[in-house]
Amino acid sequence: MPTDPGHPGPQPEPPAHPETAATGHLPADRLPADRRRSDAVRNRARIVAAARDALAGAAPGEELRLNAVAKAAGVGQGTLYRHFATREELLAEVHRQDVAELVEEADALLAAHPPVEALGRWFDRLTAYARVKRGVLAALEPRAWNALAARSHGTLTEAIERLLAAGRADGSIRADVDARDVIVLIAYLARLEESEWPTRARHLLDVLLNGLRTRP
């Protein structure tokens with residue numbers, strides 16, 4: 001039967017985008033904007049978490065390998081470099097997030113526990129932070145590390161002071177100690193050998209906590 005020239009028959013579908021045909025998914029640049037943003041946020045979080053895990057498990061002096069971080073995060077190296085152009089940028093973000101979490105946790109612990117218990121639980125979190133900090137320190141040039149430390153020192157001091165102030169207020173923490181005392185005393189964590197870390201780090205913080213308590 002002849003086809004009506006005014007009503008053409010079925011037309012072939014346009015060829016699929018090569019990436020769509022190969023993977024079944026649209027390429028990133030063709031995704032809706034909100035989907036691209038959510039994927040970017042998720043990928044960034046995965047990269048930072050993978051870098052933190054790598055630093056915590058690294059041997060002293062071991063270099064953070066960005067290709068290994070990308071693999072552990074489940075992203076391509078191109079995705080990693082879009083978020084962090086250099087190793088230093090990634091390390092700085094790990095450090096920034098860890099400090100922010102430590103500061104937030106101080107307030108959360110004080111809301112849920114008596115001051116001495118809150119301080120002890122915060123020391124638990126500090127142990128994990130200090131171990132990652134060792135990796136950041138080993139991987140960064142001195143100038144970059146000094147800039148990071150200068151930005152974070154004040155916020156950590158304020159968090160420790162809030163924990164101590166709550167204990168001083170209820171009489172459970174000595175009145176003659178301040179945040180600077182605690183910061184100086186916990187600096188010894190950087191001197192621990194890697195083999196000592198699992199047993200000695202938390203033990204020493206317990207000794208410090210007992211020294212901060214008021215005597216009965």
Side-chain angles (χ1 to χ4, degrees), residues 17-109 121-156 158-159 186 189-190 192 194 197-198 201-202:
H17 188 283
E19 290 189 38
T20 306
T23 67
H25 300 286
L26 284 172
D29 60 359
R30 298 187 65 193
L31 291 171
D34 58 346
R35 170 69 181 280
R36 290 199 303 272
R37 284 192 296 270
S38 64
D39 283 353
V41 169
R42 183 164 54 250
N43 287 338
R44 185 180 181 88
R46 286 175 178 168
I47 292 166
V48 173
R52 181 184 290 112
D53 290 343
L55 288 167
E62 182 179 350
E63 185 178 79
L64 181 70
R65 295 172 53 229
L66 295 187
N67 59 340
V69 170
K71 183 177 180 180
V75 302
Q77 290 190 54
T79 297
L80 185 149
Y81 283 111
R82 280 196 294 275
H83 288 280
F84 303 102
T86 65
R87 179 182 290 104
E88 287 70 24
E89 286 184 16
L90 176 55
L91 291 169
E93 182 62 14
V94 171
H95 180 76
R96 187 197 67 76
Q97 288 193 19
D98 279 351
V99 170
E101 289 171 9
L102 270 174
V103 171
E104 290 174 6
E105 193 156 352
D107 294 326
L109 289 170
R121 289 173 179 266
W122 193 80
F123 279 165
D124 285 334
R125 178 67 184 86
L126 180 68
T127 304
Y129 160 76
R131 194 167 190 175
V132 172
K133 181 179 175 180
R134 283 156 58 97
V136 174
L137 176 59
L140 282 176
E141 293 297 324
R143 179 193 289 182
W145 168 251
N146 289 337
L148 274 179
R151 288 198 296 270
S152 63
H153 183 80
T155 53
L156 281 178
E158 291 165 4
I186 62 178
L189 290 175
L192 289 178
E194 186 65 24
W197 198 272
R202 191 61 187 88

Nearest heavy-atom pair of [X] and [Y]: which atoms, and what distance?
X	Y	answer
Leu64	Ala54	CD1-CB, 3.6 Å
Glu93	Phe84	CB-CE2, 3.7 Å
Val69	Leu90	CG1-CD2, 4.2 Å
His83	Ala40	CE1-O, 3.2 Å
Ala106	Ala159	CB-CB, 4.0 Å
Leu80	Leu66	CD1-O, 3.6 Å

Glu105 backbone acceptor or donor facing Trp122 side chain under 3.5 Å: no

Could you list the residues that satisfy salt bridge (charged side-chain N to carboxylate O under 4.0 Å, His left out) with Arg121, not counting sequence neighbours? Glu117

Using salt bridge (charged side-chain N to carboxylate O under 4.0 Å, His left out) as the criterion, list what pairs up with Arg65, not counting sequence neighbours. none

Heavy-atom side-chain proximity of [X] to [Y] below 4.5 angstrom:
X	Y	answer
Val94	Asp98	yes
Leu91	Leu55	yes
Arg82	Thr79	yes
Arg52	Gln97	yes

What residues, two or more places apart in sequence or in another chain, satisfy side chain to side chain donor-acceptor pair (under 3.5 Å) together with Glu101? Arg125

CZ on Arg87 to OH on Tyr81, rounded to 0.5 Å: 7.0 Å

